[in-house]
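One structure below.
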2 protein chains.
Amino acid sequence: MADGRQRFLEAAVRLFARHSVAGTSLQMIGDELGVTKAAVHHHFRSREELLTAVVEPVRVGLRSTVAAAEALRGRHVRADRALTGFVDLVLANRELLPVLQGDPGAAELLGSHPDLHDLTGRLTQLLADVEPGPTGHVRADAVLSGTACAAGPRSNHIDPAELRAVLIETGRRALALRIRKEQPRTSQLC
Amino acid sequence: MADGRQRFLEAAVRLFARHSVAGTSLQMIGDELGVTKAAVHHHFRSREELLTAVVEPVRVGLRSTVAAAEALRGRHVRADRALTGFVDLVLANRELLPVLQGDPGAAELLGSHPDLHDLTGRLTQLLADVEPGPTGHVRADAVLSGTACAAGPRSNHIDPAELRAVLIETGRRALALRIRKEQPRTSQLC
């Protein structure tokens with residue numbers, strides 16, 4: 001029933017986007033898939049349990065991005081690794097992240113998820129460290145939320161590689177990241 | 001009863017932030033203020049009518065910002081006027097705008113409001129015009145949504161003038177605006 005579970009998660013994301021997290025019931029997810037509420041309950045005992053399952057890929061990706069960035073030296077290099085990883089995470093979860101971004105029901109549930117709360121705090125800190133004081137935090141918030149929203153449905157027609165490049169460059173500009181460009185190896189060999 | 005009406009609007013914004021637009025009923029607004037649903041109905045016949053009243057100050061501010069920017073010449077100057085006006089609008093509506101930003105219930109209702117739909121489209125275009133093609137639109141989306149979110153509750157402890165300056169500078173950087181700095185008049189007189 002792994003496939004069945006996956007179908008429920010995908011239906012949940014579609015309904016969150018349409019009705020918000022607070023406006024989506026397990027009954028509605030059942031209706032969307034033409035099954036009974038009991039069939040939904042077989043997989044998820046509560047909306048909380050369902051939301052935790054929905055965000056699991058984001059949690060795993062966030063953990064790996066944050067750990068990779070924190071392992072680097074230099075605040076600009078760390079911020080750039082965090083930004084790039086976040087853009088990739090957003091693009092891999094384009095239906096989900098713009099929804100979670102501004103949904104108070106999601107914010108409340110995710111805020112009470114200790115691991116996600118910790119990881120988003122560390123991600124924000126990695127970007128905020130580029131500039132001291134509250135300024136750095138405002139910029140980090142603007143970049144993270146702007147990235148998530150700009151990858152939403154209005155950008156569906158844009159080539160994903162182009163969208164990725166624009167989002168990364170916009171974030172780098174907003175944070176004023178100074179990243180030493182790596183020398184292309186081929187030119188050194190010629 | 002103008003004050004009564006204003007109290008309903010303020011209660012609505014508080015409840016939208018807590019429960020999303022879709023999750024907020026006229027009954028809940030009545031409960032929040034300790035009045036009957038009929039008393040709420042006396043002012044607003046539907047949730048749609050209430051939301052339209054809630055966003056009215058934003059609509060008026062948006063209209064004036066968009067008109068002022070469109071009256072200028074030069075795409076960088078126009079974008080800068082639009083950005084600055086939007087930051088001021090966000091800061092004057094700090095409880096409301098982060099809520100509307102990511103709420104699918106609000107997006108649906110606002111999208112069907114012809115004037116607001118037109119104004120937000122023109123605001124986005126003013127920022128997008130800085131760069132041709134889809135790139136400009138992605139950056140415009142990122143700046144507008146990032147600005148709205150970064151002015152949310154997490155920035156409540158920051159001095160408003162400092163927050164305004166950071167938001168404007170972050171947007172200018174992200175859009176790579178080239179604005180000719182006006183000479184300070186006092187130094188010319190000295």
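Computed from a predicted model, the values in this text were never measured in an experiment. Chain A is the first sequence line, chain B the second, and so forth, proteins listed ahead of strands; every chain is numbered from 1.
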* **Salt bridge present between A:Arg139 and A:Glu131 (N-O < 4.0 angstrom)** => yes
* Asked: Side chain, backbone, both or neither: which part of B:Leu175 has a heavy atom under 4.5 Å from chain A?
  -> backbone
* Interface residue of largest heavy-atom contact number with chain B, from A:Leu167, A:Thr170, A:Val143, under 4.5 Å -> A:Thr170
* Does the pair B:Asp31/B:Lys37 count as a salt bridge with the N-to-O cut at 4.0 Å? -> no
* Does a side-chain N-to-carboxylate-O contact under 4.0 Å join B:Arg81 and B:Glu70? -> no
* Spell out, as yes or no, whether a donor-acceptor pair under 3.5 Å connects the side chain of B:Asp80 to the backbone of B:His76. => no
* **chain A contact via B:Thr135 - which portion, at a heavy-atom distance below 4.5 Å** => both
* Side chain, backbone, both or neither: which part of B:Glu162 has a non-hydrogen atom closer than 4.5 Å to chain A? -> side chain
* To do: Report the option among A:Pro134, A:Ala176, A:Ala174 that has the most heavy-atom pairs separated by less than 4.5 Å from atoms of chain B.
  => A:Ala174
* Asked: Between A:Phe44 and A:Phe8, what is the ring plane arrangement, given parallel below 30°, perpendicular above 60°, and tilted in between?
  -> perpendicular
